[in-house]
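Beneath this line is the structure, given in structure tokens, with notes to follow.
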Amino acid sequence: MSIQKIIQQATIDCLESLYGKSFTAKDFQINKTKPEFTGDYTIVLFSLLKPLSKSPDALGKELGEALLKSQPEFVSSYNLIKGFLNLVVSDNYWNSILLSKNNDHCFGTGAKKERRVMIEYSSPNTNKPLHLGHLRNNFLGWSIAEIFKANGYDIVKSCIVNDRGIHICKSMIAWKLFANGATPQSTGTKGDHFVGDYYVKFNDAYKAEVERLVHEGCSKEVAEKEAPIMKATQQMLLNWEAGDPETLALWKTMNEWVYEGFNVTYKRIGSDFDKTYYESNTYLLGKEIVHKGLDKQIFFRKEDGSVWIDLTEDGLDEKIVQRKDGTSVYITQDIGLALQKYEEYQMDQSIYVIGDEQNYHMNVLQLICKKLNLPNANGIYHLSYGMVELPTGKMKSREGTVVDADDLLDEMERVAQQKTEELGKVNDFQPEELKELYKTLSSGALKFYLLRVDPKKKMIFNPEESIDFHGYTGPFIQYTYARIQSILRKQSGILTGPVLSSATPLLKLEKELIMALEHYPVVVEQACQELDPSHLANYIYHIAKTYNSFYAEHSVMNAETEEKKQLRLLMCRFTANVIASGMKLMGIKVPERM
RNA sequence: GGUCCCGUAGCUCAGUUGGAUAGAGCAACAGCCUUCUAAGCUGUGGGUCACACGUUCGAAUCGUGUCGGGAUCACCA
């Protein structure tokens, strides 16, 4: 239990025994004491004054005394300033935390929950390579999964691949028309980029055809419909749906190319999945659900045969769930897939990591599932994240302003190498070690940069800022870790720990660091509850910052006394463990040297 | 137009179940390497928390309104 919760409980107990009234944790606040005042934690008394009809001074004094008396091992003194009861936590407590937790690799992990959570993320299209937006999605999904694991949940990571539809056919048509049988192997191109290039070629050709038709006198609307290449694409989709062997064979081949490319990128960014769903297998799902919904009169049929649901009472619109030709639409497939996932895994919660442009869609999805009374309905949670924009505005594939994931990773690695070489601290590294280090630093910088922002908010990706290795960045934290390891390597033999004596109290910076470290489990829990890794990013940065201040002021190996040396060595190890653990929850590695 | 989200330092962001004098990083300026990694540390300057009104002991945080920005309201996925 964290010291904050200990104080909270002790306060509730004291209020009960002093005044015979029972309060809950929500009835008052406990904050960290502001640096300008004496104390570690502060109880804000204002909200308690009325129910107890007490003055701030009287209540503060009585509560302070009671806490001092009932919690001698935790509270060493108190002071009262205008309704703020500041408590000083005893060194004894901080020392005991340091001794018991500094090398405890379970520190920060929660008890097993017997609850299963599915996290769906990444969800790529097979007609173009992964880009910056996918990276935010992947990093978020991965990190949320790690955070839930640390909190004791059973996790299933899933991915739905959008591998069919008109957009895939566009790449296929363009390949047939322009490739002359070229393959990723024959051109030495990464498979997903190879296919993506044909998607671009389609759009170029289509645009040219439309322009030609308009020039010949067609209206723009007609031209867009009648362009031969578009008609061929639509025919191809029909062929695909009819199961035409030649079309299916090409589709399969091109998708394989894409998957090979994706796998390289996934490996590079450290993403993986326990279960991959393919839309080509799920796009027909949902028919049974439509039947059921019609029977229960949750859905209704229009004259043309299409099936709808009326959500106007819930403040939304009418929404189609089946076309007049009997095929499922997007939302129906999603309902079907949601149910299929549930039947397969019986998870208590199903988290979808999807951009905020789909907020409406996900609302509708959950609402329909609830109306149908499906067993998975209440577990659906949309982890909605904001778009990644560039300083120049939005990324637009048509204008070529999309930041490609592979290109970005290459560039980051190049910068990592350049900066490392400039500093020249690891000249004795073997080539493979260097390569590994550049990877660790560059992906650490990128992941931290994308995860440090509140997921809900759209963010601006500034290329120059993202490859900065100073200040509030991943490499700054990695550097702090490497620095600590350097000290720990100098210490041969086992850490004995300090012989505790009240004669040498903790110094300000020592206490600050231990206090911050003690808080780690609270943050891990909070990041889980709010599905927000940015809390973790902020916290770990704060730890690194606090450690560096301590490090600059106090020597470890040349400490004033042997006792202080032992104490600080334990602090170093504790800090390193918390940094490594927290970074791992964000999917970021830490180097032993850099 | 309806619904939802956002507006905090020059820039990028924290801080929002109401609490003490609103914090970081970047950028700018000034210091600190004969002692554990200077990818670091210390300090200075920089704010009408979009605006107005309200709720109360107390508002960046809650409510109402205004202004500004974005998303969405597809028989595309």
Side-chain angles (χ1 to χ4, degrees), chain A residues 25-26 29 31 33-34 36-37 42 44-47 49-50 56 81-84 86 123 125 160 162 164-168 279 283 302 304 306-308 315-317 319-325 327-331 333-334 355-361 363-364 384 386-387 389 391 394 416 419-420 422-423 425-426 441 445 449 452-454 456-462 464-466 468-480 482-491 534-535 537-538 541-542 544-545 547-559 568 572 593-594:
Chain A
K26 284 186 179 163
Q29 266 185 46
N31 302 331
T33 304
K34 300 245 165 193
E36 55 269 34
F37 300 99
T42 297
V44 184
L45 301 174
F46 296 105
S47 58
L49 300 180
K50 231 178 212 170
I81 299 172
K82 288 195 292 183
F84 295 93
N86 301 321
S123 310
N125 286 336
I160 170 85
N162 182 350
R164 63 162 285 279
I166 192 82
H167 45 295
I168 315 297
E279 210 184 287
Y283 82 109
K302 283 196 178 176
D304 65 357
S306 57
V307 181
W308 295 71
L316 305 173
D317 304 312
K319 197 83 190 165
I320 190 164
V321 294
Q322 190 177 77
R323 296 188 188 94
K324 61 186 173 193
D325 64 6
T327 53
S328 297
V329 293
Y330 177 36
I331 191 83
Q333 297 166 34
D334 267 2
D356 62 6
E357 76 273 15
Q358 301 219 31
N359 285 353
Y360 178 77
H361 173 78
N363 263 341
V364 172
S384 164
M387 295 285 101
E389 295 178 6
K394 286 184 191 162
K419 297 202 173 183
T420 304
E422 274 169 20
L423 291 169
K425 293 180 184 178
V426 287
L441 295 178
Y449 185 83
R452 69 186 202 185
V453 184
D454 182 347
K456 287 194 298 291
K457 293 190 179 176
K458 73 176 178 197
M459 64 175 294
I460 307 234
F461 182 87
N462 185 329
E464 283 160 33
E465 212 176 86
S466 69
D468 194 352
F469 288 3
H470 302 270
Y472 188 21
T473 66
F476 165 79
I477 295 163
Q478 291 170 320
Y479 171 72
T480 306
R483 244 182 171 187
I484 296 172
Q485 292 309 310
S486 167
I487 291 180
L488 293 177
R489 276 193 298 272
K490 290 188 171 65
Q491 166 67 21
S534 75
H535 289 302
N538 268 300
Y541 171 68
H542 175 70
K545 192 95 185 116
Y547 177 84
N548 280 327
S549 297
F550 155 77
Y551 174 97
E553 194 66 30
H554 304 295
S555 178
V556 177
M557 297 313 283
N558 297 313
R568 288 175 191 165
C572 287
R593 285 180 59 195
M594 65 184 273

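Residue numbering restarts at 1 for every chain, and letters A, B, ... go by the order of the sequence lines.
Between the P atoms of B:G58 and B:C53, the separation comes to 16 Å (whole Å). B:G19 and B:A59: their C1' atoms are spaced 10 Å apart (whole Å). One C1' atom belongs to B:G46, the other to B:G63, and the distance between them is 33 Å to the nearest Å. When the C1' atom is used for both B:C67 and B:A77, the distance is 36 Å, rounded to whole Å. One C1' atom belongs to B:U8, the other to B:A60, and the distance between them is 7 Å to the nearest Å. Going from the C1' atom of B:A14 to that of B:U72 covers 28 Å, rounded to whole Å. Here, B:G43 and B:C6 have their P atoms 34 Å apart, quoted to the whole Å.
Contact annotation for A:N363: no contact, since no heavy-atom pair falls under 4.0 Å across all strands. When heavy atoms are screened at a 4.0 angstrom cut-off, A:H535 is found touching the sugar-phosphate backbone but no base atom. Residue contacts for A:N359: at a heavy-atom cut-off of 4.0 Å it reaches no nucleic acid atom on any strand shown. Residue A:D334 is out of contact with every strand shown, counting any heavy-atom pair closer than 4.0 Å. When heavy atoms are screened at a 4.0 angstrom cut-off, A:M459 is found touching the sugar-phosphate backbone but no base atom. Residue A:I166 is out of contact with every strand shown, counting any heavy-atom pair closer than 4.0 Å. Within 4.0 Å of A:T327, counting heavy atoms only, lies no atom of the nucleic acid at all. Within 4.0 Å (heavy atoms only), A:V556 reaches at least one base atom of the nucleic acid. Within 4.0 Å (heavy atoms only), A:N125 reaches no atom of the nucleic acid at all. Heavy atoms of A:Y472 sit under 4.0 angstrom from primed sugar atoms or phosphate atoms, though from no base atom.
Where A:A416 and A:Y449 meet RNA chain B, the nucleotide closest to each residue was compared, and A:Y449 sits on the side nearer the 5' end. Nearest-nucleotide positions on RNA chain B place A:K26 closer to the 5' end than the other of A:I487 and A:K26.
Between the side-chain ring of A:F476 and the base of B:G40, no stacking contact exists by the 5.5 Å and 30° definition. The aromatic ring of A:F84 is not stacked on the base of B:G19, since the criterion of ring centres less than 5.5 Å apart with planes inclined by under 30° is not met. The aromatic ring of A:F37 sits over the base of B:A20, with ring centres less than 5.5 Å apart and planes tilted by under 30°.
The base of B:C11 lies outside donor-acceptor range of the side chain of A:N462, with no N or O pair under 3.5 Å. In terms of polar N and O atoms assigned as donor or acceptor, the side chain of A:D317 never comes within less than 3.5 Å of the base of B:A74 in a complementary pairing. At a cut-off of 3.5 angstrom, counting only N and O atoms as typed in the model, there is a donor on one side and an acceptor on the other between the side-chain of A:T42 and the base of B:A20.
Distance A:I331 CD1 to B:U72 C1': 13 Å, rounded to the nearest Å. Atom NZ of A:K457 and atom P of B:C13 are 8 Å apart (whole Å). B:G19 atom C1' lies 11 Å from atom NZ of A:K82, rounded to whole Å. Spacing between atom CZ of A:R164 and atom P of B:C76 amounts to 11 Å, rounded to whole angstrom units. Taking atom CG of A:L488 as the reference point, atom P of B:U37 lies 11 Å away to the nearest angstrom. B:A39 atom P lies 11 Å from atom CD of A:E422, rounded to whole Å. Whole-Å rounding puts the A:N162 CG to B:C76 P distance at 14 Å. Look at NZ on A:K456: it is 13 Å from C1' on B:A14, rounded to the nearest Å.
Other residues, nucleotides and ligands place more than 12 heavy atoms under 6.0 Å from the CD atom of A:E36. Enclosure of atom NZ in A:K324 is not indicated, since only 12 or fewer non-hydrogen atoms of other residues, nucleotides or ligands lie within 6.0 angstrom.
With distances taken from any side-chain atom of A:S486 to the nucleotides B:G70, B:C36, B:A20, the minimum falls on B:C36. Ranking B:G19, B:A39, B:C36 by closeness to the A:L423 side chain, first place goes to B:A39. Considering only side-chain atoms of A:K490, the nucleotide from B:U37, B:A77, B:A14 that sits closest is B:U37. The nucleotide whose nearest atom lies closest to any side-chain atom of A:I460 is, among B:A39, B:U21, B:C13, B:C13. Set against B:C75, B:C36, B:C57, the side chain of A:F46 has B:C57 as its closest nucleotide. Comparing B:G19, B:A38, B:U12 against the side chain of A:R483 picks out B:A38 as the nearest. Comparing atom distances between the A:S549 side chain and each of B:U42, B:G40, B:G19 picks out B:U42 as nearest. Listed candidates were B:A39, B:A20, B:A77. Nearest to the side chain of A:R323 is B:A77. Considering only the side chain of A:Q333, B:A77 comes nearest among B:A77, B:A39, B:C41. Nearest nucleotide to the side chain of A:K545, out of B:C13, B:U42, B:C26: B:U42.
When Watson-Crick and G-U wobble pairs are counted only if both distances are under 3.5 Å, B:U16 pairs with no nucleotide at all. Under the Watson-Crick or G-U wobble criterion, with both distances below 3.5 Å, B:G1 is paired with B:C73. For B:A9, there is no paired base (Watson-Crick or G-U wobble, both distances below 3.5 Å). The pairing partner recorded for B:A50 is B:U66, the criterion being a Watson-Crick or G-U wobble arrangement whose two distances lie under 3.5 angstrom. Checking B:G45 for Watson-Crick or G-U wobble geometry (two distances, each under 3.5 Å) identifies no partner in any strand. Base pairing of B:A22: no nucleotide in any strand meets the Watson-Crick or G-U wobble criterion (both distances under 3.5 Å). B:A60 makes up no base pair with any nucleotide shown, lacking Watson-Crick or G-U wobble contacts both under 3.5 Å.
Distances shorter than 4.0 Å separate some side-chain N or O of A:H470 from OP1 or OP2 on B:G40. For A:K419 and B:A39, the shortest distance from a side-chain N or O to OP1 or OP2 is not below 4.0 Å.
Panel note: side chain A:T327, backbone A:R323; no donor-acceptor pair is recorded below 3.5 Å.
A pairwise comparison of heavy atoms in A:T480 and A:N548 identifies OG1-ND2, 3.1 Å as the closest pair. Among all heavy-atom pairs drawn from A:R593 and A:K425, the shortest one is NH2-O, 3.4 Å.
The existence of a salt bridge linking A:K456 and A:D454 is confirmed by a sub-4.0 Å separation between a basic side-chain nitrogen and an acidic carboxylate oxygen.
For B:C33, the O4'-C1' to base torsion is within 90° of 0; the nucleotide is therefore syn.
Annotation: A:Y547 is in aromatic contact with A:F550 [ring centroid separation under 6.0 Å].
Side-chain contact between A:K34 and A:F84 is absent, with no heavy-atom pair separated by less than 4.5 Å.
The aromatic rings of A:Y472 and A:Y541 lie tilted to each other, with the angle between the two planes from 30° to 60°.
No side-chain N or O of A:T473 forms a donor-acceptor pair with one of A:D468 less than 3.5 Å apart.
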